Q: 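Here you go, one structure.
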Amino acid sequence: MVGTTEQNILVALAATGPRTTAADIYRHMESAYDDNELPSFGAFYTALVRMHKKKWVKADEDIDERGNDRKYYQISAAGRRAVTQSVRTTWRLGAQALLGGA
Amino acid sequence: MGMFSMKAAKRVRLVNQYMEQICLIDSFDDALDLIGTIKDPKVRSDVLISLKELGALRLHVSQVRNDPKANVLQVLQHAKLTTLYLPTQKKKAAPSNFVIDSWLPASSAKDIKSEMADYWDEWIAEYGYERALFLWKKRVKGLIFNHWYGVVRDKCNDILGMAAKFTGLG
């Protein structure tokens, strides 16, 4: 099951494309979400690591132009499936509730 | 000694006056012509040195701004900003990564250190040292808290899962 934070991160990852650093994903979320929807950086990073363990996110380790170790993240096929299913469920339940199906 | 100071002050004033006139001149050759009319060799030499520094600065600004005709006002503004900004910037090094290394797993710590270094540069430029340091500490504390909270939560879930399995409730 995909939580709200995880869903938001996966959507942001899908939007930012391959080879994105954690800070870039978070910057995208800062620009896309309201402050009350935005998790703290700590919660965001922990969720990202957790999703990497669940194999929803791929992480490639590399060295950046400054010579620092970096992790570049990318949404995996499993992650894409999980977020698609989660968004579909949210929409279905929302539509049922709002349009009088529930 | 007093006589020397008065002479030096007069020379500085003269150099400044000539530099003010030179700043209003567009052509480098015209500026050299003006310098040629200065009778006092020491003043002439000082004005030439100042002009050389201004020229180097102008070249730097035109490269930074990608504008081959950066005007004197921009150059002087840049010089003022640079002299104001550089001494304060040199003192403000990023905080030590010791806390990150000690409290977070090595696999994440390397990446987090790089991310925080980027954020530090951004915050220093945007907010200044005090606020940047506050944000840095806040973020690092958040990262450490969330990591260990996650570890404890996962362990509790494992223990509860095992307990449920043994008691036949799972």
Side-chain angles (χ1 to χ4, degrees), chain A residues 1-10 12-13 16 18-31 33 35-76, chain B residues 89 92-127 131-161 164 170:
Chain A
M1 191 183 157
V2 183
T4 314
T5 306
E6 289 173 334
Q7 185 179 308
N8 290 349
I9 295 170
L10 286 171
L13 254 175
T16 47
R19 262 185 91 78
T20 318
T21 61
D24 286 338
I25 304 165
Y26 193 69
R27 277 194 196 98
H28 178 83
M29 289 176 72
E30 278 176 322
S31 63
Y33 298 110
D35 283 349
N36 54 354
E37 288 174 325
L38 188 74
S40 68
F41 190 79
F44 156 79
Y45 198 89
T46 313
L48 197 62
V49 172
R50 196 168 55 237
M51 287 194 294
H52 177 50
K53 281 181 191 160
K54 286 180 183 173
K55 299 196 190 307
W56 288 349
V57 169
K58 282 189 233 170
D60 297 323
E61 285 188 37
D62 206 349
I63 293 168
D64 67 6
E65 62 273 11
R66 288 167 145 192
N68 296 331
D69 289 299
R70 271 291 161 93
K71 275 186 184 173
Y72 293 97
Y73 296 93
Q74 188 180 343
I75 188 166
S76 68
Chain B
Q89 198 188 32
K92 315 298 183 191
S96 162
N97 287 319
F98 177 73
V99 179
I100 298 176
D101 282 327
S102 341
W103 286 91
L104 291 168
S107 57
S108 303
K110 280 186 206 166
D111 184 40
I112 287 170
K113 280 191 285 188
S114 309
E115 302 285 4
M116 292 310 293
D118 277 2
Y119 270 115
W120 176 257
D121 293 343
E122 196 182 306
W123 289 335
I124 269 283
E126 200 172 343
Y127 304 118
R131 178 113 178 108
L133 187 65
F134 169 76
L135 289 169
W136 193 91
K137 283 181 180 172
K138 188 181 159 193
R139 190 156 280 190
V140 168
K141 277 180 198 165
L143 280 160
I144 293 168
F145 172 78
N146 276 284
H147 169 74
W148 288 106
Y149 175 76
V151 169
V152 171
R153 195 185 56 188
D154 290 350
K155 287 285 167 209
C156 287
N157 282 339
D158 287 351
I159 291 165
L160 286 172

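Computed over heavy atoms, backbone and side chain alike; hydrogens, waters and symmetry mates excluded. From a predicted model like this one, the values you see are computed outputs, not experimental measurements. Throughout, a chain's letter reflects where its sequence line sits, starting with A, and its residues are numbered from 1.
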Q: Between B/Leu104 and A/Tyr45, is there a side-chain heavy-atom distance shorter than 4.5 Å?
A: no
Q: Let me know if A/Thr21 has heavy atoms under 4.5 Å from chain B in its side chain, its backbone, both or neither.
A: both
Q: Can you check whether B/Lys138 reaches A/Phe41 side chain to side chain, under 4.5 Å on heavy atoms?
A: no
Q: Of the non-hydrogen atoms in B/Ser114 and A/Asp69, which two are nearest, and what is the gap between them?
A: OG-O, 2.6 Å
Q: Measure across B/Ser107 and A/Lys71 and return the closest heavy-atom pair with its distance rounded to 0.1 Å.
A: O-NZ, 3.2 Å
Q: Do other residues, nucleotides or ligands put more than 12 heavy atoms under 6.0 Å from A/Tyr33 OH?
A: yes
Q: Give a yes or no on whether A/Lys54 atom NZ has more than 12 heavy-atom contacts from other residues, nucleotides or ligands under 6.0 Å away.
A: yes
Q: Between A/Val49 and B/Ser108, which heavy-atom pair has the shortest distance, and what is it?
A: CG2-OG, 4.2 Å
Q: Are any of the side-chain nitrogens in B/Asp118 or A/Arg70 under 4.0 Å away from the carboxylate oxygens of its partner?
A: yes
Q: Using non-hydrogen atoms only, which part of B/Phe145 is less than 4.5 Å away from chain A: side chain, backbone, both, or neither?
A: neither
Q: Calculate, to the nearest 0.5 Å, the distance between atoms OH and CD belonging to A/Tyr26 and B/Glu115 respectively.
A: 12.5 Å
Q: Pick one of side chain, backbone, both or neither for B/Ile112, based on which atoms fall under 4.5 Å of a heavy atom in chain A.
A: both
Q: Test A/Thr46 against every option in B/Val151, B/Leu143, B/Asn146 by the side-chain contact (heavy atoms from CB on, under 4.5 Å) rule and name the one that passes.
A: B/Asn146
Q: For B/Lys113 and A/Asn68, indicate whether the former's side chain and the latter's backbone hold a donor-acceptor pair under 3.5 Å.
A: no
Q: So with a 6.0 Å cut-off around CH2 of B/Trp103, is the heavy-atom count from everything else above 12?
A: no
